[in-house]
2 protein chains.
Amino acid sequence: MFNFAPEINGKCIMEWSEKQLQILNVAEELFASKGFEGTSVRDIAQKAEVNVAMISYYFGSKEKLLQSLILNRTEQTGLILEGLSHDVKLSPWEKIDKVIDYYVDKILNERNFHAIMNRQISLVQDKKLTEILINVKKRNSSMISEIIHEGQRKKIFRHVNVALTIGTVMGTISQVSMSKPFYCSLLKLDAGDDISYYKKIRPQLKSHLKSLLRAHLSINN
Amino acid sequence: MFNFAPEINGKCIMEWSEKQLQILNVAEELFASKGFEGTSVRDIAQKAEVNVAMISYYFGSKEKLLQSLILNRTEQTGLILEGLSHDVKLSPWEKIDKVIDYYVDKILNERNFHAIMNRQISLVQDKKLTEILINVKKRNSSMISEIIHEGQRKKIFRHVNVALTIGTVMGTISQVSMSKPFYCSLLKLDAGDDISYYKKIRPQLKSHLKSLLRAHLSINN
DNA sequence: ACGTATTAATTAAACGTTTGTTTAATTCAA
DNA sequence: TTGAATTAAACAAACGTTTAATTAATACGT
């Protein structure tokens with residue numbers, strides 16, 4: 001058997017072969033559209049054009065395939081914007097705008113992966129997986145948290161509930177991303193056309209969240 | 001076989017026997033914690049203390065059991081607050097507060113059911129089920145929509161994006177309800193203790209959403 | 001550079017469970 | 001006595017995983 005240990009702490013960055021990445025890509029797509037339990041390893045193998053046994057061979061099991069997928073999709077995150085919260089040239093307001101642009105683009109671009117995460121975190125299934133997901137969410141939300149706290153320290157932002165403000169940002173984006181058929185119906189868009197939906201909703205979502213947070217965090221009145 | 005047609009349009013309100021309700025209750029709990037595909041009909045039968053065959057006998061199939069569950073949990077909604085949006089004694093601001101109290105309580109109380117809905121609507125599984133879920137969401141969100149439009153007509157509210165404002169309200173509540181392990185970790189609460197988590201988060205969530213919408217919809221500044 | 005030893009990659013087939021559903025017999029109630 | 005409720009058993013299909021055999025690739029001593 002193929003021998004490797006996907007460490008939780010992200011210490012060991014795996015090297016993935018082309019075949020493995022192929023499997024991960026197909027798994028992501030199918031898990032997102034049919035659910036983890038609703039997707040069989042044979043579905044994945046067939047669409048990835050590999051033998052069924054290769055999945056056990058490479059990843060050990062279906063559960064570990066999911067863990068590997070999540071680790072793979074999160075191991076290189078946070079590098080682009082890690083400097084943002086410590087950037088002295090930007091005001092907290094500018095940082096808020098930048099961080100909204102970043103998260104809207106990130107979640108909408110990686111919407112399949114986020115659909116899997118959002119579904120899986122509310123399932124009491126694998127304790128190890130839950131721990132991984134919590135850490136990913138913490139890492140993702142820490143930047144917003146830092147920016148808000150900075151603004152509050154500088155008396156530019158109100159003293160809002162930071163955890164729930166993060167929940168509002170994440171929740172709004174997730175809602176738009178995961179309840180697509182509902183919003184397509186609301187906005188009278190074709191539910192089948194993914195591209196035009198996200199093309200239309202993306203800038204709306206950004207400006208909505210920016211004006212929402214501007215009003216929410218403003219100290220005046 | 002047991003013969004009945006769970007109509008989409010909610011026209012026919014089913015009469016459910018005690019055994020059937022028992023099955024529906026257990027199914028709701030298991031679907032919420034283990035997912036629809038992750039729950040077997042034998043799991044349900046065992047916990048509901050009925051024979052496996054009774055599920056097919058009463059509901060036809062596992063899929064139709066899920067449809068029946070959703071129809072059962074939504075067929076009596078909207079009665080309590082249907083008068084709210086047409087109440088002339090209340091200002092739009094008071095209506096917003098009332099509607100937030102209502103939805104936070106509703107979603108947190110029926111969190112198992114909403115977890116199932118939120119998970120299932122993003123799956124491309126059963127077209128009939130997707131249609132049912134869209135209609136439920138439309139029905140649920142129409143009240144907020146009406147109130148906001150009324151406030152805008154009366155020049156009390158800003159001209160915000162109504163659909164996305166609804167998404168913010170629903171998304172924030174869903175996020176708190178579905179990412180419980182994450183918020184428990186953030187707020188340093190015991191993830192196992194459901195009761196104390198929701199007891200603590202419920203009033204925080206209500207006041208957060210109220211002040212958020214007050215700032216968001218206010219016309220001043 | 002070549003043949004060989006060693007390891008990795010890949011395969012088809014089979015494994016034992018578990019899945020949702022049905023059957024046919026029986027019990028229960030009207 | 002008729003029809004609904006309930007049961008244990010059986011059903012075929014699908015599930016995740018393993019096996020054992022084969023092919024491809026790599027390393028190494030000469």
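Worth knowing before you read on, the calculation uses all heavy atoms, side chains too, and leaves out hydrogens, waters and symmetry mates.
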| A:Lys106 vs A:Glu110, salt bridge (charged side-chain N to carboxylate O under 4.0 Å, His left out): CA-CA, chis, key distance, verdict | CA-CA 6 Å; A:Lys106 184 179 172 63; A:Glu110 303 166 0; 3.6 Å; yes
| query | Roughly how many Å is it from NZ in A:Lys19 to C1' in D:dT23, rounded to a whole number? | reply | 12 Å
| Atom-to-atom span, CE of A:Met54 to P of C:dA9 - whole angstrom | 7 Å
| said: Closer than 4.0 angstrom, basic N to acidic O: yes or no for A:Glu63 and A:Lys128? | reply: no
| request: In whole angstrom, give the distance that lies between atom CD of A:Gln46 and atom P of C:dT10. | output: 18 Å
| field | N-O pairing of A:Lys206 and A:Asp97 below 4.0 Å | value | no
| Rounding to a whole Å, what distance do you find between A:Phe59:CZ and C:dA9:C1'? | 14 Å
| query | D:dA5 P sits how many Å from B:Ile23 CD1, rounded? | reply | 12 Å
| request: Assess B:Lys62 against B:Phe36: is NZ or CZ under 6.0 Å from the centre of the six-membered ring, and within 45 degrees of the ring's axis? | output: yes
| request: Might you work through the side-chain hydrogen bond (donor to acceptor under 3.5 Å, both in side chains) test for A:Asn161 and B:Gln204, ending with a clear yes or no? | output: CA-CA 8 Å; A:Asn161 187 320; B:Gln204 289 185 20; 3.3 Å; yes
| query | Is B:Lys137 close enough and on-axis enough to A:Phe182, meaning under 6.0 Å and within 45°, for cation-pi? | reply | yes
| message | Between B:His208 and A:Thr168, does the side-chain hydrogen bond (donor to acceptor under 3.5 Å, both in side chains) criterion hold? Intermediate values first, please. | response | CA-CA 9 Å; B:His208 167 75; A:Thr168 290; 2.8 Å; yes
| note | Taken to the nearest whole Å, CD/B:Gln22 to P/D:dA5 is 15 Å
| field | Separation of D:dT6 C1' from B:Gln20 CD (nearest whole Å) | value | 14 Å
| query | If an axis is fit to five pairs at each end of the helix from C:dA1-D:dT30 to C:dA30-D:dT1, what is the angle between the two, to the nearest 10°? | reply | 10°
| request: Applying side-chain contact (heavy atoms from CB on, under 4.5 Å), name anything that partners B:Asn109, two or more places apart in sequence or on another chain. | output: B:Asp105, B:Arg202
| request: Indicate yes or no: does B:Glu37 engage A:Lys34 in a salt bridge with an N to O separation below 4.0 Å. | output: no
| task | Would you please confirm or rule out a distance under 4.0 Å between OP1 or OP2 of C:dA8 and any side-chain N or O of A:Tyr58? | result | no
| remark: In B/S/- notation (B base, S sugar-phosphate only, - none; protein heavy atoms under 4.0 Å), nucleotides 17-27 of chain C written 5' to 3' is --BBBB-----
